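To keep things clear, I will list the structure first and then write my remarks on it.
Quick caveat: nothing in here was measured; it's all calculated off a predicted structure.
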Amino acid sequence: MIVWINGAFGAGKTTTARELIDLVPNSTLFDAEVIGGALTHLLPPKRLAEVGDFQDLPIWRRLVIDTAAAMLAELGGTLVVPMTLLRQEYRDEIFGGLAARRIAVHHLLLAPAETILRARIAGREVPPDLPDGELRVRQWAYDHIEPYRAALASWLTADAHPVDTSALTPYETAVRIAEAVADGTVAPCDIVQTPEPAAETLAAGVLLFDERDRVLLVDPTYKPGWEFPGGVVEPGEAPARAGMREVAEETGIRLGEVPRLLVVDWEPPAPPGYGGLRLLFDGGRLASAEAGSLLLPGPELRACRFVTEQEAAALLPPVRYERLRWALRARERGAALYLEAGVPLG
């Protein structure tokens, strides 16, 4: 399992983590900052200059997942990760990727009072040989207090188990974390576990429309980006029935009729993904009462919304949007289309 110690920059995460590994048997410290340092040697300077934070690099997030999984496979036991995560979509991507590997994550938040936090930042040691050390260490932490406040107000407190460290030493904090994890006070994160495919997959999505003919999109917790209701077709399962099952599981809507096929899209492999066939079906127009009673079962979906085709273009990845665009044309024409990478053929 993983004990993820979150908190503002300067909250004492790394110091607490070092104390914690002495209290938790067979535990290892994984400082994800090391991944960022490695990327300075792996990526071209031009790419690095495009982001202000390593966390904004998709490769950083994937390497954190892969490295954590590899360390646990090598060492077993518990991995202690002191790492600030203030963007919910990054939390979802990383924790979802770990859940896909059947790795439980216990999420804790070090939450000292802001006055204490500022005092600790002011007292942080700046390495004398670090260029622009004052700016890179202290000012970085000060600049991220406001994003930390925003995360607290929107999602972080509800997602992580808070520990008020205002009057606690790092050792005392580590003791509380160890006890809370051991006695079940901090349960593993409630996030859907979707195993990563090891080969091409067949997936079925269902388009649902409201009375204004807007299409329903959902925001999964276990991967970044908006999607259509649906999922991977299980072995021996009919694709249309799989789409109906996923709609019921994700939204609470039970379709009375088998939906009509709109598009078959072949998604080429793009490492680390394997690609496969993606089918979209027409689930029809929902009545106002149905559209207003959509359920969000927590672990799978963070949000859902009905959008116009134009609004969908701003939410969906390009290939997924092309799939939607041609599905809407097929719906208008009453004839299914065959696509490859979102492009119609034949």
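Under the 4.5 Å side-chain criterion, counting only non-hydrogen atoms from C-beta, K13 is not in contact with M83. Side-chain contact between E246 and V206 is absent, with no heavy atoms from C-beta onward closer than 4.5 Å. The closest side-chain heavy-atom distance from L315 to L217 is below 4.5 Å. Residues W326 and V343 have side chains not in contact (no heavy-atom distance under 4.5 Å, counting atoms from C-beta outward). At least one side-chain heavy atom of L261 sits under 4.5 Å from a side-chain heavy atom of L279.
Within a 6.0 Å radius of CZ in R241, other residues, nucleotides and ligands contribute 12 heavy atoms or fewer. No more than 12 heavy atoms of other residues, nucleotides or ligands sit less than 6.0 Å from atom OH of Y171. Heavy atoms of other residues, nucleotides or ligands lying less than 6.0 angstrom from CD of Q310 number 12 at most.
Judged by the 6.0 Å and 45° rule, R91 forms no cation-pi pair with F95. With F228 as the aromatic partner, R323 does not meet the cation-pi criteria of under 6.0 angstrom to the ring centre and within 45 degrees of the ring axis.
Ion pair R320/D265 not flagged as a salt bridge, since none of the NZ, NE, NH1 or NH2 atoms sits closer than 4.0 Å to an Asp/Glu carboxylate oxygen. By the 4.0 Å N-to-carboxylate-O rule, R329 lies close enough to E332 to be salt-bridged with it. In this structure, R214 does not pair ionically with E311, as no charged nitrogen and carboxylate oxygen lie closer than 4.0 Å. Salt-bridge formation is detected for the pair R149/E114: a Lys NZ or Arg NE/NH1/NH2 atom is positioned less than 4.0 Å from an Asp or Glu carboxylate oxygen. In summary, R245 and E249 engage in a salt bridge, as defined by a charged side-chain N under 4.0 Å from a carboxylate O. Ion pairing between D210 and R285 fails under the 4.0 Å rule for side-chain N and carboxylate O. Ion pairing of R305 with D219 is absent here, as no side-chain N (NZ or NE/NH1/NH2) approaches a carboxylate O to less than 4.0 Å.
Cluster annotation: V263 is connected to W226 through the hydrophobic network of ILVMFWY side chains, with a link wherever side-chain heavy atoms come within less than 4.5 Å. M1 is connected to I177 through a chain of hydrophobic side-chain contacts under 4.5 Å among Ile, Leu, Val, Met, Phe, Trp and Tyr, so both are in one cluster.
Residues W266 and Y338 keep their aromatic ring centres 6.0 Å or farther apart.
Side-chain contact of T201 with R278: a donor-acceptor pair under 3.5 Å is present, judged by distance alone.
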